[in-house]
2 protein chains.
Amino acid sequence: MTPLPTPQQLRFLTALADHQHFGRAANACAVSQSTLSAGILTLEHQLDAAILDRGAGKRVVFTPLGQELVGRARMALAALTAVAEAADAARAPLTGPLRLGVIPTIGPFLLPRLMPAVRAAFPGLRLYLREDLTARLVERLAANRLDALLVALPCDCGGGETLPLARDAFVAALPPGHPLAQAEQVPLAALTRERLLLLEDGHCLRDQALAVCGLHAGRQDEFAATSLHTLVQMVAGGLGVTLLPQSAIAGGVTAGTEIVLRPLAGAGAWRTLGLVWRPGAPRAAEYRALAPVLAGASCPAG
Amino acid sequence: MTPLPTPQQLRFLTALADHQHFGRAANACAVSQSTLSAGILTLEHQLDAAILDRGAGKRVVFTPLGQELVGRARMALAALTAVAEAADAARAPLTGPLRLGVIPTIGPFLLPRLMPAVRAAFPGLRLYLREDLTARLVERLAANRLDALLVALPCDCGGGETLPLARDAFVAALPPGHPLAQAEQVPLAALTRERLLLLEDGHCLRDQALAVCGLHAGRQDEFAATSLHTLVQMVAGGLGVTLLPQSAIAGGVTAGTEIVLRPLAGAGAWRTLGLVWRPGAPRAAEYRALAPVLAGASCPAG
DNA sequence: GGGGGTCATCGGTTTGTCCGATCAATGTAA
DNA sequence: TTACATTGATCGGACAAACCGATGACCCCC
């Protein structure tokens, strides 16, 4: 039978795929170029498989089989680190590095309150943050380049395990002097008759706002905002109305503007802040332990 | 950071979990007892985790963390072998060992025709067969103790990837001289008024026959058969009627009896023979290549 | 045609793994 | 209680493998 590849060999392989260059890959693996070259050679020999296309000049070109092996090597290395991580998690819960992805409609407003709370509860935890759209975060989560995500549900989390944290109510944001501002509350139906400003495509807040108003998601805007801050400025400029999450308001997104905020009539509407991770992640128990702290610090109503 | 565990260490760990005994585990790993003992010790030291409960006499007792690490070790080793298997599969498709699970209502009747066809098409393929109920096969497939399953769809394949192979029509099997035998075809509705004999619980054929007749699956039988052969004998003895798959009849399950076979009226009814494997299995492409051969040899109508 | 750059190859050194023998602890039978 | 058998842990020495630095072969660009 074919001998099992060494983890080191798989590291060499993935590094080579990442850098497309023997020297830099070797540097990333903290070995000499000769070692990495020999490692790849022996791997090819042991598996009896052509991983690199060595006919194509001096460039690093992977064969189709090589590409597949790279993917499987990544999986194997992830499974291997999962063993070590499970041990780490059991020994010292909620310590060490944790790579957390946050969506742009949460990050700037909630993190200033979340981080101190997390630091106080788990002083040993080092949160590495990455802000991006949900889809990109989910992609990185699946590729094992993030450990967990802080997103707004419902969303397409690509099979990840999700844990709801807190409700984040939507509030109507109106230009100063807008007719709807005269009432204490704004009915949802009234909003649909206004010119509803939204974030650009890709932001889950856009889809959720549309869903709340009962509009179809495929709608084309003449001018979509790229962030909540610019969206607020457009509303303040009288271009239309919008829905803002309570957490963003608490985070000061409307500070310095004359925007009028009105709660929605009836049962209201909200998004749910949630934590997402890969199913079966070694540190899943830690994420569950982290959730109450996040929920306690994120609940906009206190 | 915690150093990654060696594959050898993980082998030691899983072997120890399998055998619950250092000496036998070491033997299974083809190393000396001292080596395995030292290997487990260094693993515990490197991960800084208590894997074994060494307070409990001389017995091998795993801590809860140890149990989890064993599971993750199995996954990591499987992912590691998957790399090698992917290389094997690309180098020599449909050769080497393949562990195939088959359900009891397919195995005895179809395999005598399937095996020669497979041998002719892929001389290098060595099929290791295991016959069991669908649920147990699915369990073994998930545990990486089987590579693929030959089952009857629809069934609960536990998230496995399925590929339909061929239709296997149901035929009414009646005792000699039964009133329904006078017609050329038997309407399904007529069967529900008869005393319908079935296999015992756990056989998917039982559930499929009930579904075909529009009966509820929870039904209790006074006397359920344990195999198609005994079921046929009971029908021949006049105890009732049943549905038999065409493939089993072609396989000679009714040979030597006076049972009367009649096709079902109308569109008829059938089960679908299908191949199942783990999603993302390294040899998935091979299973797809194997399918036409299986389908060609299994189609009862030729 | 020279020079920089890139990957493969070669000896020498170091590191780590494994084995056999032995020790300590436990459980069992006389 | 004593003697024995079994089991897991420890130790020193031998072997193998991984790694490094230097060098070689090749390509591309100037």
Side-chain angles (χ1 to χ4, degrees), chain A residues 2-63 66 69-70 73 76-77 80 84, chain B residues 2-63 66 69-70 73 77 80 83-84:
Chain A
T2 318
L4 244 54
T6 302
Q8 183 75 316
Q9 289 173 330
L10 300 187
R11 249 194 303 267
F12 290 171
L13 183 61
T14 57
L16 187 58
D18 287 339
H19 295 89
Q20 301 279 326
H21 186 284
F22 276 70
R24 281 187 283 277
N27 196 49
C29 295
V31 296
S32 73
Q33 174 266 324
S34 66
T35 298
L36 188 132
S37 177
I40 298 289
L41 263 299
T42 52
L43 182 63
E44 284 190 283
H45 188 253
Q46 281 181 6
L47 297 183
D48 192 15
I51 296 176
L52 293 178
D53 186 353
R54 289 194 168 72
K58 283 298 177 183
R59 289 251 319 289
V60 175
V61 178
F62 282 82
T63 64
L69 291 181
V70 168
L77 288 175
L80 226 44
Chain B
T2 318
L4 243 53
T6 302
Q8 184 76 316
Q9 290 173 328
L10 300 187
R11 248 193 304 269
F12 291 171
L13 184 61
T14 57
L16 187 58
D18 288 339
H19 295 87
Q20 301 279 328
H21 186 284
F22 275 70
R24 281 188 283 276
N27 196 48
C29 295
V31 297
S32 71
Q33 175 266 326
S34 66
T35 299
L36 188 131
S37 178
I40 298 288
L41 263 301
T42 53
L43 182 62
E44 283 191 285
H45 188 253
Q46 281 181 5
L47 297 182
D48 192 14
I51 295 175
L52 293 178
D53 186 352
R54 290 199 168 70
K58 282 298 180 183
R59 291 247 322 288
V60 174
V61 178
F62 282 82
T63 64
L69 291 182
V70 168
L77 287 176
L80 227 42
V83 179

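Each chain gets a letter, A, B and so on, in the order the sequences are listed, and its residues count up from 1. Reckoned from all heavy atoms, side chains included, excluding hydrogens, waters and symmetry mates.
Remark: A/Q33 pairs with no residue by the side chain to side chain donor-acceptor pair (under 3.5 Å) rule, at least two apart or across chains. Scored by the side chain to side chain contact (heavy atoms under 4.5 Å, CB included) test, A/A17 finds A/F62, A/V70, A/R74 as partners (sequence neighbours excluded). Here A/A73 pairs with A/L10, A/L13, A/T14 under the side chain to side chain contact (heavy atoms under 4.5 Å, CB included) rule; sequence neighbours left out. Scored by the side chain to side chain contact (heavy atoms under 4.5 Å, CB included) test, B/T6 finds B/Q8, B/Q9 as partners (sequence neighbours excluded). Annotation: side chain to side chain donor-acceptor pair (under 3.5 Å) contacts of A/T63 (sequence neighbours excluded): none. Partners of B/S34 by side chain to side chain donor-acceptor pair (under 3.5 Å), not counting sequence neighbours, listed by chain and number: B/S32.
Taking atom CG of residue A/L52 and atom C1' of nucleotide C/dA8, one finds them 12 Å apart after rounding to whole Å. Between the C1' atom of C/dA8 and the CD1 atom of A/I51 lies a distance of 16 Å, rounded to the nearest Å.
The stretch residues 28-44 of chain A touches DNA chain C through A/Q33, A/S34, A/S37, A/L41, each having a heavy atom within less than 4.0 Å of the strand. DNA chain C lies under 4.0 Å from at least one heavy atom of each of the following residues of residues 5-22 of chain A: A/H21, A/F22.
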Determine, stepwise, if the pair A/L47 / A/L69 fulfils side-chain contact (heavy atoms from CB on, under 4.5 Å).
CA-CA 10 Å; A/L47 297 183; A/L69 291 181; 4.1 Å; yes
Could you list the donor-acceptor pairs under 3.5 angstrom formed between side-chain atoms of residues 21-29 of chain B and any protein atom two or more places apart in sequence or on another chain?
residue: B/H21; atom: ND1; partner: B/G23; partner atom: N; Å: 3.1
residue: B/H21; atom: ND1; partner: B/R24; partner atom: N; Å: 3.0

